[in-house]
Amino acid sequence: MQQFKQLLAGFICMLFLQHLQAQNDPAPYGAIPTARQLQWQEKEMYVIMHFTPTTFQNKEWGFGDADPSIFNPTNFNADKIFAAIKDGGFKGLTFVAKHHDGFALWPTKTTPYNISKSPFRNGKGDLVKEMMEGAKKSGLAFGIYCSPWDRNNPNYSKPAYVNEVYHPQLKELYSNYGQLFTVFFDGANGGDGYYGGANEKRSIDASDYYDFEKIWSIVRAKQPNAAIFSDIGPDVRWVGNEKGIAGKTSWATFTPISPVPGKKSSPGFVKEDILPIGTRNGNAWVPAECDVPLRPGWFYHADQDEKVKSPETLLAIYYVSVGRGACLDLGIAPMPSGELHPNDINNLKIFGDLLKRTFAINVAENASITASNIRGNNKKFSPKNLIDKDRYSYWATDDSVTNPELVLQLKTVSKFNVIRLRENIKLGQRIEEVAVDAWLNNQWEEVGNATSIGGNRLIRLTRYINTDKVRLRITKSPVSIALSDFALFAEPSN
Ligand code: FUL
């Protein structure tokens with residue numbers, strides 16, 4: 001009898017604990033994002049702008065010897081550029097304040113090779129400031145790229161360049177141009193250049209020359225909200241190509257691998273083949289950014305005016321970048337006049353309209369939802385959270401339930417060809433695989449599936465589905481799920 005009482009007490013205690021657990025949020029799984037990474041993720045799309053003396057030389061990589069007098073855009077107007085960016089639906093801009101040619105587009109104390117030596121605004125110009133103010137006026141976020149490689153500086157490859165030029169340049173840029181949402185570090189490093197007239201080839205050891213640890217600490221001290229982008233993060237990693245394509249499976253977690261065992265990886269020094277995919281259960285949360293130019297090159301070239309990516313191409317890129325949990329960073333390049341070419345403006349606008357029209361109506365918005373499991377039967381974790389507009393309210397399951405299903409009963413037969421899923425990434429990237437079925441001809445038919453859900457996953461179907469019943473199956477997850485969004489959209493058919 002005594003034994004029975006003990007057993008019963010144990011059982012009640014277990015039930016009580018289970019009940020308590022079910023009232024609590026699921027424990028986070030693996031590495032999770034910081035607040036600055038969440039803010040960055042929510043941007044989804046921004047642009048990066050290249051416009052330096054290199055534009056006036058019709059080159060992609062300035063050698064570092066261009067006479068500053070050639071930098072003379074006569075019709076530069078930041079507001080007009082921001083209007084085009086906004087029309088495209090982009091939420092921010094990263095400005096290339098200095099490219100590999102070493103020409104600083106702000107009146108810096110660190111090098112005479114800067115905008116004050118050009119005729120622009122009679123030598124009183126500051127393009128970083130004009131772009132920063134333009135961003136502010138249009139309500140867009142502002143970020144900065146300052147190239148580590150400098151083909152102009154006589155001391156490039158010596159410690160003096162890093163300590164007396166490059167680091168101080170970053171300090172100036174991060175102190176005088178307001179709050180930055182991102183800072184961009186390029187991996188192109190060393191090679192031939194002007195180098196103060198030496199005209200020679202200079203090599204550096206990318207794994208330690210720039211002292212990136214020190215650079216990260218400068219960023220954190222001066223711009224705590226800026227997400228640091230480089231080949232290896234620490235906040236955002238390069239996706240490994242300049243085509244705008246993340247891996248079909250793309251993990252936001254990542255552990256960089258050095259190309260030379262025993263030497264630490266760094267921007268410009270990393271094994272590139274895993275960048276599109278990331279690392280399942282990687283050491284840190286380092287999602288991908290897909291940088292891709294709107295034209296074939298990052299700089300303007302008149303002979304590429306007919307090669308501006310079409311709105312349809314941009315849309316296809318959107319699905320394989322933003323739709324795979326990355327952010328899209330699209331390169332824009334003004335002409336020597338300082339204006340964007342009409343083809344660029346036009347294609348950005350049509351692309352922006354296409355996106356707006358596609359995502360205007362979620363046909364699942366008023367659906368009634370039945371889930372196979374709800375964490376502790378607690379309203380807080382109800383599947384209704386999937387169809388509200390909050391990115392972090394979520395449907396969760398009991399700890400032991402890793403393969404739940406849910407059925408959406410739509411109000412009427414509706415048409416869709418895009419499925420959107422989002423996890424509440426505050427609790428990590430949990431789900432590995434899902435499948436979506438539609439009720440067609442009186443039976444379930446699988447219409448789409450995906451791997452690595454994360455902050456945003458879009459499944460673009462090759463046909464329109466017309467149905468009033470849709471089923472979601474979580475087919476692989478190591479832990480209980482925490483899904484925040486399940487939405488259905490139809491791209492405009494004309
Ligand atoms: C590259 C650079 O070498 C290109 O010129 C451009 O700035 C692009 C965004 O990054 O690696």
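The shown structure was predicted, so the numbers you read here are calculated from the model rather than taken from an experiment. One-based numbering, in listed order, for ligands and for the atoms of each.
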Participant: Can you see whether Y300 engages D305 through a side-chain donor-acceptor pair at a distance of less than 3.5 angstrom?
Facilitator: yes
Participant: Please identify which atoms of ligand 1 are closer than 4.0 Å to at least one heavy atom of H99.
Facilitator: 4 (C), 5 (O), 6 (C), 7 (O)
Participant: How about F56 and F299: are their ring centroids closer than 6.0 Å?
Facilitator: no
Participant: Classify the side-chain pair S258/S265 by whether it contains a donor and acceptor separated by less than 3.5 Å.
Facilitator: no
Participant: So is F299 close enough to ligand 1, meaning a heavy atom under 4.0 angstrom away?
Facilitator: no
Participant: Is a side-chain donor-acceptor pair under 3.5 Å present for T110 with Q169?
Facilitator: yes
Participant: For the residue pair Y161 and Y209, does the interplanar ring angle fall in the parallel (under 30°), tilted (30 to 60°) or perpendicular (over 60°) class?
Facilitator: parallel
Participant: May I ask you to list the atoms of ligand 1 that are less than 4.0 angstrom from any heavy atom of D186?
Facilitator: 1 (C), 2 (C), 3 (O), 10 (O), 11 (O)
Participant: Which atoms of ligand 1 are found less than 4.0 Å from any heavy atom of A188?
Facilitator: 3 (O)
Participant: Quick one: which of E242, H50, E60 has a heavy atom closest to atom 7 (O) of ligand 1?
Facilitator: H50
Participant: Going by the order shown, which atoms of ligand 1 are within less than 4.0 Å of some heavy atom of H100?
Facilitator: 2 (C), 3 (O), 5 (O)
